[in-house]
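Letters A, B, ... mirror the listed sequences (proteins, then strands); counts begin at 1.
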2 protein chains.
Amino acid sequence: MPRMLAEKSDAVAAIAEVFREHGYEGASLSQITAATGFGKGSLYHFFPGGKEDMAAHILAHIDHWFETELFAPLRTGDPATAIARMMQSVTTYFQSGHRICLVGAFALTGTRDRFATPIAHYFRRWINALETALHRTGLDQTQASQQAETAVLAIQGALVLARALNDETVFTRALHRIEADLLRPARPASQPPTGQGSGGLDGGAA
Amino acid sequence: MPRMLAEKSDAVAAIAEVFREHGYEGASLSQITAATGFGKGSLYHFFPGGKEDMAAHILAHIDHWFETELFAPLRTGDPATAIARMMQSVTTYFQSGHRICLVGAFALTGTRDRFATPIAHYFRRWINALETALHRTGLDQTQASQQAETAVLAIQGALVLARALNDETVFTRALHRIEADLLRPARPASQPPTGQGSGGLDGGAA
DNA sequence: CCAATTCTGTACCAATCGGTACGATCAATA
DNA sequence: TATTGATCGTACCGATTGGTACAGAATTGG
């Protein structure tokens, strides 16, 4: 069987950057050919489904990287170490806020409807993995769930705000605070702020 | 002088929704004409600069709305009341997470470079106004600044995550937590955020 | 070596892109 | 009501869109 002259995965990373820059709908094939160095022929050979096929491969690639690099350690490794490693990996991966989260960006436009399943899976697994780690540090299930959701949410917010203000210190400052919150020793059943409770029951999504 | 047959501002709101749906680069003029009901003639009469002109007007409109509805009360009104009102307005404006923040979405793609100034101004003024309110509740300047940045950041993250998971409870849960954090009575001089202290466990981020 | 198969550049397609031109249409004033 | 100038629809422009077709270059197994 003839080996490939070039790797499909070579293109995936380059295309991802085009999507990061212009969004899914805003990215044109000519920009993609320029960024990858591949002609349309090669592109449609690798990705017969066109742009949608490319985006699907990119999301799968991102998902796989986070799974092995972050999620798995959170689920099975030493919790505190895995959490510290997560913050480190996130900082590196997002280049201290200079690089955006493609999954988060996709979630904000109509692109979400096309890729709703992988987008939701990505964040759900991230939150669940972090929740598992927190639970194993001694936090009760409810607090672990809340903290995990809050942390992932804050990372996304940090990416938005750092880019909006064009200030990477916003990102690094936020990540330090998030890490401190996560590694803070478990509090013994702190009383909820009000009787309201904000629907504290588990938020199983649809 | 002939009165206007239709208001420019009528179009602004409709165009904003198109941008929310498809992003700036992904929004086409035909989608805009369909959404507004205006033909290209009217559109280019109102916005001689084309798409970029439209987006600039939209950003100005959003900025003005937030300025009068949120920022001004935060700066001059009763702090606790203004903060509570802010959370209420944010919930309504973003429809509990079903509607995205156009400014935040613009910040994530290359669109940011086109509108860097209004985007940065929007978030900077939001943070500053909230910081002022917090300072007037008794928080010292450093803590007020930190809390304000954290809150605005969390709101943006809540919008991303709620849309990604298609679960509005993520948004409402986050907003309740943010409000509780903001209105929590000032703590007496906890150590500044620069300290990496916390657990003192193995080394933190780079 | 050569054939088989994988890869890749180019030409091409209908459709649509953002934008312009311009005559028709409208409401208000005089 | 006639005039006026803002408002609006439509036809049209060159350029570009996402996508297809296909011949030829590259790379392997035999």
Side-chain angles (χ1 to χ4, degrees), chain A residues 1-59 61 102 105-106 109-115, chain B residues 1-59 61 102 105-106 109-115:
Chain A
M1 157 197 312
R3 284 294 316 284
M4 287 182 279
L5 298 181
E7 272 295 337
K8 197 167 161 178
S9 58
D10 295 342
V12 169
I15 300 173
E17 294 311 312
V18 178
F19 283 149
R20 277 182 223 271
E21 178 70 12
H22 303 282
Y24 176 76
E25 305 201 46
S28 72
L29 278 194
S30 63
Q31 290 165 337
I32 293 173
T33 59
T36 57
F38 291 124
K40 287 184 168 191
S42 314
L43 250 23
Y44 274 85
H45 175 73
F46 289 139
F47 312 101
K51 268 172 74 175
E52 183 153 358
D53 206 352
M54 301 177 198
H57 276 85
I58 290 170
L59 288 176
H61 180 264
L102 196 57
F106 277 10
T109 66
T111 308
R112 182 200 56 168
D113 300 330
R114 266 185 211 268
F115 306 105
Chain B
M1 146 194 329
R3 282 294 315 286
M4 287 182 280
L5 300 181
E7 275 294 335
K8 196 168 161 179
S9 58
D10 294 343
V12 169
I15 299 173
E17 294 310 312
V18 179
F19 283 148
R20 277 182 224 271
E21 178 70 13
H22 303 282
Y24 175 76
E25 305 200 46
S28 72
L29 278 194
S30 65
Q31 290 165 337
I32 294 174
T33 60
T36 58
F38 292 124
K40 288 186 172 189
S42 314
L43 249 22
Y44 274 85
H45 175 73
F46 289 140
F47 312 101
K51 268 172 75 174
E52 183 153 358
D53 207 351
M54 300 177 199
H57 276 85
I58 289 170
L59 288 176
H61 180 265
L102 196 57
F106 277 10
T109 67
T111 308
R112 182 200 58 165
D113 300 330
R114 266 184 211 268
F115 306 105

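- A pairwise comparison of heavy atoms in B:V18 and B:A27 identifies CG1-CB, 3.8 Å as the closest pair.
- Whole-Å rounding puts the B:F47 CZ to D:dC8 P distance at 11 Å.
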Candidate pair A:Y44 and A:L29, rule side chain to side chain contact (heavy atoms under 4.5 Å, CB included), full reasoning = CA-CA 10 Å; A:Y44 274 85; A:L29 278 194; 3.3 Å; yes
Indicate for each nucleotide in nucleotides 12-21 of chain D, in 5' to 3' sequence, whether protein heavy atoms under 4.0 Å reach the base (B), only the sugar-phosphate (S), or nothing (-).
-> -----SBBB-
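- Under the side-chain contact (heavy atoms from CB on, under 4.5 Å) criterion, A:T111 pairs with A:Y24, A:E25, A:F106, A:T109, A:F115, sequence neighbours left out.
- Judged by distance alone, with hydrogens and angles left aside, the side-chain atoms of A:E52 form no donor-acceptor pair with the main-chain N or O of A:G49 at under 3.5 Å.
- Taking atom CG on B:D53 and atom P on C:dG19, their separation rounds to 10 Å, with Å as the unit.
- Qualifying ring-ring contact (aromatic ring centres under 6.0 Å, His included) partners for B:H22, counting only residues two or more places apart in sequence or in other chains: none.
- Spacing between atom CZ of B:F46 and atom P of D:dG5 amounts to 18 Å, rounded to whole angstrom units.
- Of the side-chain N and O atoms in B:H45, none sit less than 4.0 angstrom from OP1 or OP2 of D:dC8.
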Derivation and outcome, side chain to side chain contact (heavy atoms under 4.5 Å, CB included), residues B:D113 and A:E21 | CA-CA 10 Å; B:D113 300 330; A:E21 178 70 12; 4.3 Å; yes
